[in-house]
Amino acid sequence: MTQRCEWVTSEPLYIAYHDKEWGKPLYDDQRLFEMLCLEGAQAGLSWWTILQRREGYRKAFKGFDPEKIVAFDEETIHELMLNKEIIRNRLKIRSVQSNAAAYLTIQESGQSFSEYIWQFVDGKQIQNHWVNQDDVPAFSEESVRMSKQLKKDGFKFVGPTICYAYMQAVGMVNDHLTTCECYEACRQQ
């Protein structure tokens with residue numbers, strides 16, 4: 001039997017997400033942007049709720065293309081509020097547009113989004129060694145620093161806990177439990 005982190009359910013989609021994505025260092029600008037927006041959509045909900053709707057989000061937000069998202073008009077926002085494939089929360093929907101504008105500003109400054117995001121961990125994955133799920137923190141010094149800077153730069157739904165979940169998801173921290181079969185693989189990325 002495969003050993004996984006305690007939070008993984010028996011749902012095939014969840015297993016695939018854990019085994020193939022979660023905790024693996026990600027450096028692609030647009031995918032990093034997508035994950036930041038999805039983590040923000042999770043606020044107050046479970047990741048499972050968002051993961052089941054990820055394809056709906058990709059379709060609704062034009063593949064998370066920031067240039068297309070900043071061009072959304074009020075009619076498009078209204079249509080998104082009626083879209084059952086995403087979480088229909090006006091603040092969360094508008095946050096994706098704010099985040100797209102902030103993302104483009106960073107790129108216009110000559111810095112890639114990947115460089116911008118990875119600066120909070122000095123460009124390398126933090127290796128944690130948790131044995132039990134209860135040992136994993138909800139936020140860290142780095143996620144607090146990231147949250148403050150992201151807010152300052154115009155991003156929304158980026159509190160310290162959301163930022164830490166994001167850091168886990170995109171592999172900025174290796175928070176696979178030491179008993180998980182993905183722990184070593186993520187360590188070697």
Side-chain angles (χ1 to χ4, degrees), residues 4-5 7-8 16-43 47 50-51 54 57-58 61-70 92 95-130 133 135-178 180-189:
R4 293 186 174 90
C5 294
W7 55 265
V8 181
Y17 172 71
H18 171 269
D19 292 359
K20 296 180 174 135
E21 290 182 61
W22 194 80
K24 289 186 173 26
L26 180 61
Y27 300 99
D28 178 84
D29 281 7
Q30 199 162 332
R31 292 263 299 118
L32 285 165
F33 172 69
E34 174 186 331
M35 288 303 294
L36 185 66
C37 293
L38 291 175
E39 289 292 348
Q42 178 190 341
W47 178 246
I50 302 305
L51 187 60
R54 181 160 61 170
Y57 270 96
R58 286 175 173 161
F61 289 100
K62 311 296 184 206
F64 286 94
D65 182 330
E67 290 184 8
K68 290 179 181 174
I69 294 168
V70 295
K92 289 180 180 182
S95 77
V96 176
Q97 197 170 36
S98 299
N99 292 352
Y103 171 96
L104 291 172
T105 299
I106 288 164
Q107 287 201 322
E108 288 163 10
S109 75
Q111 186 177 33
S112 75
F113 191 62
S114 180
E115 291 168 332
Y116 173 83
I117 285 298
W118 279 86
Q119 73 178 325
F120 299 104
V121 292
D122 296 325
K124 59 183 184 288
Q125 185 184 61
I126 294 172
Q127 297 298 323
N128 289 319
H129 311 285
W130 312 119
Q133 195 63 45
D135 298 333
V136 181
F139 60 89
S140 66
E141 179 183 315
E142 294 84 3
S143 75
V144 170
R145 197 170 69 248
M146 177 191 280
S147 173
K148 286 180 183 174
Q149 188 62 51
L150 287 171
K151 288 177 184 176
K152 183 178 172 187
D153 291 338
F155 290 89
K156 308 283 187 216
F157 282 92
V158 288
T161 301
I162 289 172
C163 284
Y164 194 72
Y166 174 70
M167 292 170 72
Q168 291 172 313
V170 302
M172 295 172 72
V173 296
N174 182 2
D175 271 356
H176 283 284
L177 299 180
T178 55
C180 176
E181 289 187 11
C182 294
Y183 175 76
E184 282 300 324
C186 284
R187 247 181 90 128
Q188 296 168 8
Q189 295 283 327

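Numbers for residues simply follow the sequence, beginning at 1. Just so you know, these numbers use all the heavy atoms, side chains as well, and skip hydrogens, waters and symmetry mates.
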Minimum heavy-atom separation for [X] and [Y], please, with both atom names.
X: C180; Y: C5; value: SG-N, 3.6 Å
X: M35; Y: A169; value: CE-CB, 3.8 Å
X: L150; Y: V158; value: CB-CG2, 3.8 Å
X: L177; Y: Y183; value: O-CB, 3.3 Å
X: P66; Y: A100; value: O-CB, 3.7 Å

With side chains defined as the heavy atoms from C-beta onward, is the minimum distance between [X] and [Y] less than 4.5 Å?
X: F61; Y: K68; result: no
X: Y57; Y: C37; result: no
X: I69; Y: F33; result: yes
X: K156; Y: N99; result: yes

Side chain to side chain donor-acceptor pair (under 3.5 Å) against [X], all qualifying residues, sequence neighbours excluded:
X: E142; answer: S140
X: Y166; answer: none
X: Y116; answer: D153
X: Q168; answer: D175

Who are the ring pair (Phe, Tyr, Trp, His ring centres under 6.0 Å) partners of W130, not counting sequence neighbours?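 Here no residue qualifies.
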Ring pair (Phe, Tyr, Trp, His ring centres under 6.0 Å) involving F157 - partner list, sequence neighbours excluded: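 Expected list: none.
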Mind checking side chain to side chain contact (heavy atoms under 4.5 Å, CB included) for [X] and listing every partner two or more places apart, or none if nothing turns up?
X: E67; result: D65, L104
X: A102; result: F155
X: E34; result: R31, L38, R54, R58, F64
X: K148; result: V144

Point-to-point distance, once rounded to the nearest 0.5 Å, from [atom1] of [X] to [atom2] of [Y]:
X: M172; Y: Y27; atom1: CE; atom2: OH; value: 9.5 Å
X: W118; Y: M146; atom1: CH2; atom2: CE; value: 9.0 Å
X: C182; Y: K20; atom1: SG; atom2: NZ; value: 10.5 Å
X: L26; Y: I117; atom1: CG; atom2: CD1; value: 10.5 Å

Is it true that a side-chain atom of [X] and a backbone atom of [Y] form a donor plus acceptor pair closer than 3.5 Å?
X: N174; Y: H176; result: yes
X: K92; Y: A43; result: yes
X: K24; Y: D19; result: yes
X: S143; Y: T161; result: no
X: S114; Y: D28; result: no

Do the ring planes of W7 and H18 sit parallel (below 30°), tilted (30 to 60°) or perpendicular (above 60°)? perpendicular
Can you list the steps and then say if F113 with L36 is a side chain to side chain contact (heavy atoms under 4.5 Å, CB included)? CA-CA 11 Å; F113 191 62; L36 185 66; 4.1 Å; yes
Could you walk me through whether V70 and Y103 pass the side chain to side chain contact (heavy atoms under 4.5 Å, CB included) test, one step at a time? CA-CA 10 Å; V70 295; Y103 171 96; over 6 Å; no
Salt bridge (charged side-chain N to carboxylate O under 4.0 Å, His left out) involving D29 - partner list, sequence neighbours excluded: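 For D29, no residue satisfies salt bridge (charged side-chain N to carboxylate O under 4.0 Å, His left out) once neighbours in sequence are set aside.
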More than 12 heavy atoms of other residues, nucleotides or ligands under 6.0 Å from OH of Y17: yes or no?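 Yes, the 6.0 Å shell around OH holds more than 12 heavy atoms from other groups.
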